[in-house]
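Hydrogens, waters and symmetry mates play no part in the numbers below; they use all other heavy atoms, side chains included. Index from 1, following the sequence.
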Amino acid sequence: MEISEQCVVGLTWTLKDTLGELLDVLDDPVEFLVGGDDLFAAIESALQGHEPGARVQLQLEPEQAFGDFNDQLLFLEKRELFPEGTEEGMTFDGAALPNGVSAEMPREAIYTVSEVYPDHLVLDGNHPLAGIAIRLDLTVRSVRAATEEEIGRGTAGTGFFKLPSMPPPGGHLH
């Protein structure tokens with residue numbers, strides 16, 4: 001079966017930045033709905049017509065992938081508002097942020113603690129790959145027809161390439 005709209009594709013990949021630094025390797029196939037919300041448009045376009053066993057290589061610029069870095073999604077917040085032991089690299093769901101944080105913080109974002117100071121934390125609402133051009137080396141492992149449930153949900157249940165459905169303050173992602 002060839003990849004087309006409304007099918008589910010099982011992929012493995014190697015993900016690198018444009019300098020060749022390894023960002024991620026996926027050895028066990030993960031399924032994505034083509035024609036839904038699982039994949040970026042550029043990936044779906046590159047996969048069209050391929051069958052299991054195909055290898056597809058492409059480069060995505062930030063605007064085709066996780067968006068440009070937005071410094072308006074950086075927030076300096078009081079350390080005392082967060083649990084003891086909060087450290088760099090930890091993430092917080094914007095919908096469950098503690099009381100007292102900036103009211104300007106979009107609640108749809110996932111925030112990563114990017115810096116820890118004695119009295120403050122820097123929270124970053126950008127995707128970790130925002131602002132980075134990425135190179136994908138994809139291997140198609142399987143292709144099957146999507147179920148009605150998957151089509152109705154718009155996903156095969158994978159969120160790796162899915163962005164929060166919120167534009168940054170004062171603009172749009174693309």
Enquirer: Sequence neighbours left out, what passes side-chain contact (heavy atoms from CB on, under 4.5 Å) with Leu23? Give chain and number order.
Expert: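 Leu23: side-chain contact (heavy atoms from CB on, under 4.5 Å) contacts with Leu15, Asp17, Leu129, Ile134.
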Enquirer: According to a hydrophobic-cluster definition based on side-chain heavy atoms being under 4.5 Å apart (Ile, Leu, Val, Met, Phe, Trp, Tyr only), do Leu76 and Leu123 belong together?
Expert: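 Per the 4.5 Å side-chain linkage, Leu76 and Leu123 are not co-clustered.
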Enquirer: In chain order, what residues pass the side-chain contact (heavy atoms from CB on, under 4.5 Å) check against Pro118, with sequence neighbours excluded?
Expert: none
Enquirer: Without swapping roles, check the side chain of Asp37 against the backbone of Thr155 for a donor-acceptor pair under 3.5 Å.
Expert: no
Enquirer: Once side-chain hydrogen bond (donor to acceptor under 3.5 Å, both in side chains) is applied, do any residues pair with Glu150, and if so which ones, sequence neighbours excluded?
Expert: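 Applying side-chain hydrogen bond (donor to acceptor under 3.5 Å, both in side chains) to Glu150 gives Arg144, Thr147.
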Enquirer: Could I get the full list of side-chain contact (heavy atoms from CB on, under 4.5 Å) partners for Arg141, not counting sequence neighbours?
Expert: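 In terms of side-chain contact (heavy atoms from CB on, under 4.5 Å), with neighbours along the sequence ignored, Arg141 is linked to Thr12, Pro29, Thr139.
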Enquirer: Which pairs would a plain distance check flag for residues 42-55, meaning a side-chain donor or acceptor within less than 3.5 Å of a matching protein atom at least two apart in sequence or in another chain?
Expert:
| unit_1 | atom_1 | unit_2 | atom_2 | d |
| --- | --- | --- | --- | --- |
| Glu44 | OE1 | Gly35 | N | 3.3 |
| Glu44 | OE2 | Gly35 | N | 2.9 |
| Gln48 | NE2 | Glu44 | O | 3.4 |
| His50 | NE2 | Ala46 | O | 3.3 |
| Arg55 | NE | Asp137 | OD1 | 2.7 |
| Arg55 | NE | Asp137 | OD2 | 3.1 |
| Arg55 | NH2 | Asp137 | OD2 | 2.4 |

Enquirer: Applying ring-ring contact (aromatic ring centres under 6.0 Å, His included), which residue pairs with at least one partner in residues 79-105 are found, sequence neighbours left out?
Expert: Phe82-Phe92
Enquirer: Using the test side-chain hydrogen bond (donor to acceptor under 3.5 Å, both in side chains), find all partners of Glu115 that sit at least two apart in sequence or belong to another chain.
Expert: Tyr117
Enquirer: Could you list the residues that satisfy salt bridge (charged side-chain N to carboxylate O under 4.0 Å, His left out) with Glu149, not counting sequence neighbours?
Expert: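 Glu149 satisfies salt bridge (charged side-chain N to carboxylate O under 4.0 Å, His left out) with Arg153 once adjacent residues are dropped.
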Enquirer: When Ile, Leu, Val, Met, Phe, Trp and Tyr are grouped by side-chain heavy atoms lying under 4.5 Å apart, directly or through other members, which residues fall in the same group as Leu22?
Expert: Val25
Enquirer: Taking side-chain contact (heavy atoms from CB on, under 4.5 Å) as the definition, give me every residue that meets it alongside Glu87, ordered by chain and number, with sequence neighbours left out.
Expert: Met90
Enquirer: So if you build clusters from Ile, Leu, Val, Met, Phe, Trp, Tyr with side-chain heavy-atom gaps below 4.5 Å, do Phe40 and Ile3 land together?
Expert: yes
